[in-house]
Number of protein chains: 2
Amino acid sequence: MSQKVFVSAQEVAQKAGVSRSAVSRTFTAGASVSPKTRQKVMEAAEALGYHVNHLARGLMLNESGIVCLIVSDMGTPYRSELLRALTQQLQNSGKIAMLINTDRSDGSVDLALKQAIHYRADASIILSGLPDKSITDLCLKNGQRLVLINRDDDRKGAFRINLDDEEAAACIATAFHRAGCRKLAFVNSQAGTPSLMARERGFVNAANALGLDVAVVHNGPTGYQSGRAMAQQLLTRPDRPDAVFCATDLLACGFMDAARHQFSVTIPDELCVAGFDDIEQASWSSYELTTFSQPVDEIARQAVGWLEADMLSSNQITSVRLHADLVWRNSIRGK
Amino acid sequence: MSQKVFVSAQEVAQKAGVSRSAVSRTFTAGASVSPKTRQKVMEAAEALGYHVNHLARGLMLNESGIVCLIVSDMGTPYRSELLRALTQQLQNSGKIAMLINTDRSDGSVDLALKQAIHYRADASIILSGLPDKSITDLCLKNGQRLVLINRDDDRKGAFRINLDDEEAAACIATAFHRAGCRKLAFVNSQAGTPSLMARERGFVNAANALGLDVAVVHNGPTGYQSGRAMAQQLLTRPDRPDAVFCATDLLACGFMDAARHQFSVTIPDELCVAGFDDIEQASWSSYELTTFSQPVDEIARQAVGWLEADMLSSNQITSVRLHADLVWRNSIRGK
DNA sequence: TTGTATGCGTTATCAA
DNA sequence: TTGATAACGCATACAA
């Protein structure tokens with residue numbers, strides 16, 4: 001009984017006593033319809049519960065209005081915030097988001113992109129992982145636009161949005177130095193993504209330039225537990241660090257919790273800590289973490305802005321570099 | 001140049017030297033194709049980079065494979081976790097998630113459901129808000145299936161997934177009582193959603209049955225800051241509560257932080273606290289919050305399980321009630 | 001098993 | 001401004 005029986009433009013046309021082209025025109029912006037027919041159509045549509053079939057429209061226009069969001073770890077604070085900003089912006093510009101969850105397994109992102117092709121998405125925005133070149137080429141060949149966020153890879157034809165990770169990281173090194181810290185450490189996961197590695201590079205280089213050594217540790221996935229584990233690793237050493245830069249806030253939260261509750265270290269008096277992302281928890285009074293804010297709304301704006309832009313004029317610009325603001329709180333001495 | 005030019009089944013057929021129905025059959029499960037033609041088709045498809053157009057297929061089959069996820073506050077820990085579980089389950093069963101972000105504005109959910117109709121989604125899963133009856137009726141009439149999570153409304157024809165909020169809340173009241181607490185409080189937002197109100201009701205009733213009064217406060221949205229604000233409200237009173245049940249973990253985190261850092265209250269010695277949702281932060285050692293876990297994976301399993309079920313047999317079952325497990329940590333004395 | 005023909009709900013083109 | 005007609009890419013009933 002309640003099998004899918006959507007009402008079609010044909011039926012609306014019949015009820016309104018017009019041709020189905022008239023119905024179509026009524027629902028396409030900027031088409032010429034007389035006010036009288038428009039009203040007749042609208043009334044009939046309303047009565048019948050008619051809604052344009054975007055699947056069929058996409059078939060005709062060669063433009064589905066669908067944008068694929070490809071992401072892993074979407075339950076994570078930073079990722080979910082970015083997702084929120086993106087879907088919001090997409091909706092604002094009349095597009096709709098398709099969400100594809102990837103895991104760390106090989107080819108997971110490639111599979112996701114194939115789904116994007118299946119549904120003839122106008123574009124794909126990749127927040128995690130890096131697809132194989134063959135598949136991105138396929139996307140581009142098919143006219144699907146590609147946005148890479150914090151992927152820092154030189155995929156030809158794709159639009160890349162990155163942060164000034166290295167510069168930001170360098171800035172923290174000097175802040176630690178100014179606070180009188182001399183035994184620095186960098187806490188990173190084993191993910192090895194471009195942006196995480198850039199932060200590591202920037203921090204280590206800047207510290208070295210200041211004549212300071214950095215103990216670098218890598219452990220597990222990019223999460224709270226890994227941060228705890230690395231605190232254990234670093235704080236049981238004879239030469240404890242007096243300043244730690246964590247590659248993300250989640251790592252930093254774990255590190256701080258272990259430092260305080262397991263090693264009774266006071267922050268920032270005995271230990272300075274900094275993070276990256278400015279997730280909500282960083283501002284909670286249990287952490288008051290000094291960190292760098294990812295401009296998620298600006299990232300989203302840039303991404304869908306590029307999608308809206310004309311292919312021809314946008315051919316020029318292929319990447320943008322956004323600034324991560326330092327959010328000074330209370331996990332580093334001085335200021 | 002790189003306008004959208006996807007390769008069609010027609011072209012594959014040509015290259016493979018077969019009819020285009022042969023191509024179609026090759027890509028539809030359970031169609032009869034000889035191994036020889038199948039291989040010819042596959043090779044041609046591979047060479048040309050052919051991918052079935054799900055838009056067109058959806059048009060034919062009257063089944064798009066699209067499921068709409070309608071949600072607000074998706075940056076929030078509990079919501080993003082639920083979203084993760086749902087998209088994962090959907091992918092596992094060969095469907096794809098469309099994400100629609102709603103805000104608190106009136107008709108926001110209705111608009112989202114209209115989008116779902118536009119794209120001929122097979123189903124919509126509503127995590128936030130409650131749409132107008134007229135629009136849900138429209139969805140159902142069109143054969144679109146509807147799942148309501150924690151909405152506790154008796155929409156005819158929709159599948160409802162709820163928790164035993166009241167029973168859980170009651171359980172906390174007795175735990176407080178057993179811990180020797182006598183001045184109870186309930187901390188809630190002003191959202192007034194069914195599940196939040198059920199927790200309030202269950203807690204107050206159970207407390208009353210134990211001969212205890214409950215100070216109930218409502219403040220702002222369901223977030224960290226509101227929790228802080230209500231701590232200020234309750235802890236400046238002359239008759240401070242010695243036990244607080246917060247309607248969600250986010251509220252609880254805010255409450256605990258303010259209690260500790262602003263009022264120097266020790267938890268659980270001077271004040272017992274409980275929450276609801278078991279977000280990741282609840283397990284962090286800054287909180288060690290005793291709370292109820294939302295079985296997000298089970299919720300997701302139930303939701304897409306119902307979507308996969310046969311219309312006829314599933315007609316019977318219209319709702320399911322899941323149990324929220326108590327996760328005992330360290331914010332309530334004793335045990 | 002294979003190919004032919006038809007229809008799904010649109011929009012664009014064109015003639016009126 | 002309007003209506004008829006031709007695509008769009010696909011799946012299927014039917015005949016071979």
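The figures that follow rest on heavy atoms only: side chains count, while hydrogens, waters and symmetry mates do not. Since the structure is predicted, the reported quantities are computational estimates derived from the model, not experimental observations. Below, chains carry the letters A, B, ... as their sequence lines are ordered, and counting in each starts from 1.
- On the nucleic acid side, DNA chain D contacts chain A at distances under 4.0 Å to non-hydrogen atoms, with the end points of that region at D:dT1 to D:dG9.
- With rounding to whole Å, A:Gln10 atom CD is found 13 Å from C:dT11 atom P.
- Here the rule is side-chain hydrogen bond (donor to acceptor under 3.5 Å, both in side chains) with B:Ser124, and of B:Gln144, B:Gln115, B:Arg145 only B:Gln144 fits it.
- A donor-acceptor contact shorter than 3.5 Å links the side chain of B:Ser108 to the backbone of B:Asp103.
- Using a 4.0 Å cut-off, some side-chain N or O of A:Tyr50 falls inside it from OP1 or OP2 of C:dT10.
- Across all strands, B:Val23 comes closer than 4.0 Å to no nucleic acid atom at all (heavy-atom distances).
- For the pair A:Phe27 CZ and C:dG9 P, the computed distance is 16 Å after rounding to whole Å.
- Counting non-hydrogen atoms under 4.0 angstrom, B:Thr28 reaches the backbone sugars and phosphates but no base.
- Here C:dA12 presents its P atom at 11 Å from CD of A:Glu63, a figure rounded to the nearest Å.
- Residue B:Leu61 is classed as a sugar-phosphate contact, given heavy-atom separations below 4.0 Å to backbone atoms only.
- Between B:Ser34 and C:dT2 there is a side-chain N or O to OP1 or OP2 distance below 4.0 Å.
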* Asked: Can B:Gln14 and B:Gln10 be said to form a side-chain hydrogen bond (donor to acceptor under 3.5 Å, both in side chains), step by step?
  -> CA-CA 6 Å; B:Gln14 228 142 32; B:Gln10 178 71 276; 4.9 Å; no

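- Counting non-hydrogen atoms under 4.0 angstrom, A:Ser24 reaches a base of the nucleic acid.
- For A:Met60, counting side-chain heavy atoms from C-beta on, the closest listed nucleotide (C:dT4, C:dG9, C:dG7) is C:dG9.
- B:Asn150 and B:Ser195 share no donor-acceptor pair across their side chains, judged by distance under 3.5 Å alone.
- Contact annotation for B:His54: no contact, since no heavy-atom pair falls under 4.0 Å across all strands.
- Between the CZ atom of B:Arg38 and the C1' atom of C:dT2 there is a distance of 14 Å, rounded to whole Å.
- Considering NE2 of B:His54 and CZ of B:Arg57, their distance stands at 5.0 Å, rounded to 0.5 Å.
- Defined by atom type and a distance below 3.5 Å, a donor-acceptor pair is missing between the side-chain atoms of B:Thr37 and B:Arg25.
- Along DNA chain C, the nucleotide nearest to A:Asn53 and the one nearest to A:Arg25 differ in position, and the one closer to the 5' end is contacted by A:Asn53.
- When rounded to the nearest whole Å, the span between CD of A:Glu11 and P of C:dC8 equals 10 Å.
- With rounding to the nearest 0.5 Å, the separation of CD1 in B:Ile66 from CG in B:Leu55 is 7.0 Å.
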